[in-house]
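The next block holds one structure in the form of structure tokens; read it before the comments.
This one's a predicted model, so the numbers in the text were calculated from it and none came from an experiment.
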Amino acid sequence: MAKKKKSVKKTQQRKQIKEKKRKEKRKKLALSAQAKPAASVEEMVDYALALLEEGQVSRGNQILEQLKENFADHSSVCFGLGVSAVHSRRFDEAVQWFERAVDISPDFVEAHYNLAAAYKEQLRIPEMIRAFRNVVKIGDPKNPSVQMAGDFLRNMDESFRKEEGTGLDGFLAGHRHFEQGIHHMDNGNWEDAIAGFEKALEYNPNNPQSYGNIGICQANLGRRQLALDALDEALKLDPKYEPALVNRRFIESLKEGECLRRDVKSVEYYKEYPMQNRSYIKEWAESHGIPESEKE
């Protein structure tokens, strides 16, 4: 019991020392900010971010907005505005500021790291991977942000190999072909779109969306059975993949050689629906005026 009390006491002492250092840093930043001729832009941004951290959001944002008026092309100001946007969960805005910061200062490690974290919130996985890789590439291996980025990438690679059947490099290559397929699909180039999705599946064989999109393309070419086969492959991988469930009902009603006569858009299903607690089937039915009793 005596050892436990000692441990608690030491923990409290460490907290007190840490808080004291934080107060000293804030005091130093405040003094620097008040001495306007001597305060650098970086010091002003640090002071504003310290205020945000302490919950003085209005004051911190006020300083950042003042800095933006005169130093909008300063990477530290862009970084600070990005952090402010993250505090308010305005991730689209945060990404814009962090991207601007790294464009201005390509070796700005913390901006790359925060950009990756913002991409993660948006579920922009390929961009997130590349941003974390930039952190590892340009940063000091002893930097905690660099170490965390490296650990995250290693864990993600292991998870992808286990769950998706490919590592990060395979995922990125597959995603490039998938995006090419989407481009061709949006332009009605069905054969080229199929080729893109099939190439994506070579790298990422466990992707229901590639099979689902192949099904749509085949149906637009009048290949009913090939379309159904592709949708069935999608549903084998994910029995709850709603776009395939919806599209299969329509394609089943076609005759072989009859083309799909409805506008079917590809959607970023996993980004836009399950992760946001939305139902593709429900929203599709509502947009087409289908009563609740007929949705199944």
Side-chain angles (χ1 to χ4, degrees), residues 15 17-140 143-149 152 268 271-272 275-278:
K15 288 183 178 179
I17 292 172
K18 186 177 180 180
E19 180 60 27
K20 183 178 180 181
K21 288 181 178 179
R22 291 174 65 184
K23 288 182 177 179
E24 290 174 351
K25 181 181 178 181
R26 291 197 301 273
K27 183 177 180 181
K28 183 178 179 181
L29 289 168
L31 291 172
S32 176
Q34 290 168 6
K36 291 183 180 179
S40 68
V41 172
E42 289 84 358
E43 288 172 330
M44 294 291 287
V45 171
D46 286 343
Y47 178 50
L49 295 183
L51 291 172
L52 291 179
E53 185 179 346
E54 292 302 312
Q56 299 185 50
V57 177
S58 178
R59 177 58 180 149
N61 285 336
Q62 182 182 14
I63 293 172
L64 289 171
E65 287 298 321
Q66 290 171 348
L67 288 169
K68 184 173 70 171
E69 291 181 9
N70 298 313
F71 305 101
D73 291 327
H74 195 294
S75 59
S76 291
V77 174
C78 294
F79 175 78
L81 291 165
V83 173
S84 172
V86 168
H87 269 264
S88 301
R89 301 193 65 79
R90 304 191 310 274
F91 295 111
D92 289 347
E93 182 182 336
V95 163
Q96 292 175 1
W97 284 116
F98 291 138
E99 286 179 339
R100 191 167 175 179
V102 299
D103 283 342
I104 297 168
S105 300
D107 294 333
F108 196 163
V109 173
E110 294 302 326
H112 281 287
Y113 186 91
N114 280 271
L115 176 59
Y119 282 145
K120 182 181 177 184
E121 292 290 340
Q122 293 181 314
L123 297 179
R124 294 170 62 179
I125 306 303
E127 293 92 338
M128 178 198 72
I129 293 171
R130 287 189 283 267
F132 274 135
R133 282 183 166 180
N134 283 332
V135 173
V136 174
K137 180 180 178 180
I138 66 177
D140 183 342
N143 184 321
S145 293
V146 177
Q147 294 173 353
M148 287 189 291
F152 183 89
E268 294 187 72
K271 177 180 176 180
E272 297 175 5
M275 294 299 292
Q276 298 182 20
N277 295 317
R278 296 166 58 193

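Heavy-atom minimum distance, Val146 versus Gly139: CG2-CA, 3.6 Å. Here the closest heavy-atom approach between residue Ala48 and residue Gly60 is recorded as CB-O, 3.6 Å. Across all their heavy atoms, Tyr113 and Ala149 have their closest contact at CE1-N, 4.1 Å. In terms of heavy-atom proximity, Leu115 sits nearest to Val95 at CD1-O, 3.9 Å.
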Please test Lys120 against Phe152 for side-chain contact (heavy atoms from CB on, under 4.5 Å), starting from the C-alpha separation and ending with a verdict.
CA-CA 12 Å; Lys120 182 181 177 184; Phe152 183 89; 3.7 Å; yes
What side-chain donor-acceptor pairs closer than 3.5 Å can you find for residues 71-84, not counting sequence neighbours?
unit_1, atom_1, unit_2, atom_2, d
Asp73, OD1, Arg100, NH2, 2.7
His74, ND1, Ser76, N, 3.1
His74, NE2, Glu42, OE2, 3.4
Ser75, OG, Ser105, OG, 2.9
Ser84, OG, Asn61, OD1, 2.5

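In this structure, CG in Leu67 is found 12.0 Å from OH in Tyr47, a value given to the nearest 0.5 Å. Here the CG-CD1 distance, from Leu49 to Ile63, works out to 9.5 Å after rounding to the nearest 0.5 Å. Separation of atoms CG (Leu51) and CZ (Arg59) is listed at 7.0 Å; rounding is to 0.5 Å. In this structure, CG on Asn114 lies 15.0 Å from CH2 on Trp97, to the nearest 0.5 angstrom. Within the model, atoms OH of Tyr119 and CZ of Phe98 stand 11.0 Å from one another, a figure rounded to the nearest 0.5 Å.
Among residue pairs with one or both ends in residues 102-114, none qualify as salt bridge (Lys or Arg N to Asp or Glu O under 4.0 Å); sequence neighbours excluded. The side-chain hydrogen bond (donor to acceptor under 3.5 Å, both in side chains) pairs that include a residue from residues 131-140 are Arg133-Asp169, where partners are two or more places apart or lie in different chains. Each salt bridge (Lys or Arg N to Asp or Glu O under 4.0 Å) pair with one or both residues in residues 75-93, not counting sequence neighbours, appears once here: Arg89-Glu121, Arg90-Glu93.
For Pro126, the side-chain contact (heavy atoms from CB on, under 4.5 Å) partners two or more places apart in sequence, or in a different chain, are Arg130, Phe171, Leu172, His175. Under the rule for a side-chain contact (heavy atoms from CB on, under 4.5 Å), the partners of Gln66 that lie at least two apart in sequence or sit in another chain are Gln62.
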